[in-house]
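Comments concern the structure below.
Whatever order the structure lists ligands and atoms in, that order sets their numbers, starting from 1. Start at 1 with the first residue, then count along the sequence.
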Amino acid sequence: MNSFLVQGEKSAVLLDTGLGVANIRSVAEDLTDKPLLVVNSHYHFDHTGGNRLFDQIAIHRDGAELLKSQAPDGLAEAYMEYTQRLIDAWGPYKKADDVYFHLLTVERLVRPLPQGFDPAAYRVVPTHPTRLLEDGDVLDLGGRRLHVLHTPGHSPDCICLLDRENGLLFGGDTINTGPVYAQLEDSDLGKFAESTARLASMKDDVRRVFVCHFMRLENEPSLLGEMAEGFQRLVAGDVELRDNVDCMNFPVKEACFDHFSIFVAGPAGPAKL
Ligand SMILES: [Zn+2]
């Protein structure tokens with residue numbers, strides 16, 4: 001899970017606060033002494049878990065009530081089980097990389113859970129936003145401006161942030177590498193296709209695309225066109241689907257493309273998150 005700190009001359013934005021397993025506020029304050037505004041790319045707990053450490057929290061208007069609501073029973077436990085499976089898989093993966101593949105660099109290392117963190121005690125804590133965002137809003141940090149793009153699909157409140165002057169797009173959970181989650185109860189494939197088409201139409205304004213999940217966190221703008229085409233083909237029924245499971249071990253169907261895949265609901269129905 002990747003969070004991003006964007007600093008201007010007057011203030012800074014922290015895009016997403018992670019799961020809340022470590023103190024991301026002290027990390028952010030080590031990086032900047034400017035006043036901090038947390039911006040959530042959407043309400044899901046893996047992007048908002050550290051919100052409780054901050055005073056100023058912004059989210060798209062459609063996410064305000066969702067952010068305040070209690071997470072479903074068992075969600076925290078199931079995600080901590082996934083985290084443990086991931087950590088267990090890391091050892092052999094890293095060992096094989098060291099000998100054969102050499103893809104991993106210092107930016108791409110899985111770190112252990114923080115000292116003293118008890119996964120069994122982990123809970124998802126609802127928080128209250130202090131500012132509601134709309135499509136077209138501009139966050140002026142002083143010498144750096146972030147444009148808010150409402151990009152529903154993964155969830156109704158998803159946003160991306162675009163620093164147009166510097167060609168930087170922060171994709172939230174709308175643009176991703178690895179599996180893109182469109183299998184959730186609050187996902188909407190048609191809206192996802194529209195949102196990715198809109199982002200693809202902006203690709204001449206973009207130099208680098210940053211994403212929130214997995215290790216390929218920095219991407220070429222060509223990913224925007226590839227994702228838009230992938231969703232278009234998926235909606236048209238023009239893709240092969242294979243069986244897979246999501247991070248909660250819930251059965252899904254997966255459409256695979258060159259640089260990402262898309263999870264959609266299978267016969268078991270939509271997944272919860
Ligand atoms: Zn999400």
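Within 6.0 Å of CD in E134 there are more than 12 heavy atoms belonging to other residues, nucleotides or ligands.
The atom of D173 that is an N, O or S and sits closest to the Zn ion (ligand 1) is OD2.
Not one N/O/S atom of C212, from backbone or side chain, sits under 2.8 Å from the Zn ion (ligand 1). Here H42 meets the criterion, with an N, O or S atom under 2.8 Å of the Zn ion (ligand 1). Note on D46: not counted as a metal contact of the Zn ion (ligand 1), no N/O/S atom lying under 2.8 Å. Taking backbone and side-chain atoms together, H44 has an N/O/S atom less than 2.8 Å away from the Zn ion (ligand 1).
Rounding to the nearest 0.5 Å places CG of L161 at 8.5 Å from CG of L169.
Between the side chains of H213 and N2, no donor-acceptor pair of N or O atoms lies under 3.5 Å.
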Intermediate values then yes/no, side chain to side chain contact (heavy atoms under 4.5 Å, CB included), Q7 and R144
CA-CA 8 Å; Q7 185 178 241; R144 190 179 281 269; over 6 Å; no
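Both F257 and V264 sit in one connected hydrophobic cluster of ILVMFWY residues. Membership requires side-chain heavy atoms under 4.5 Å apart, directly or through other members.
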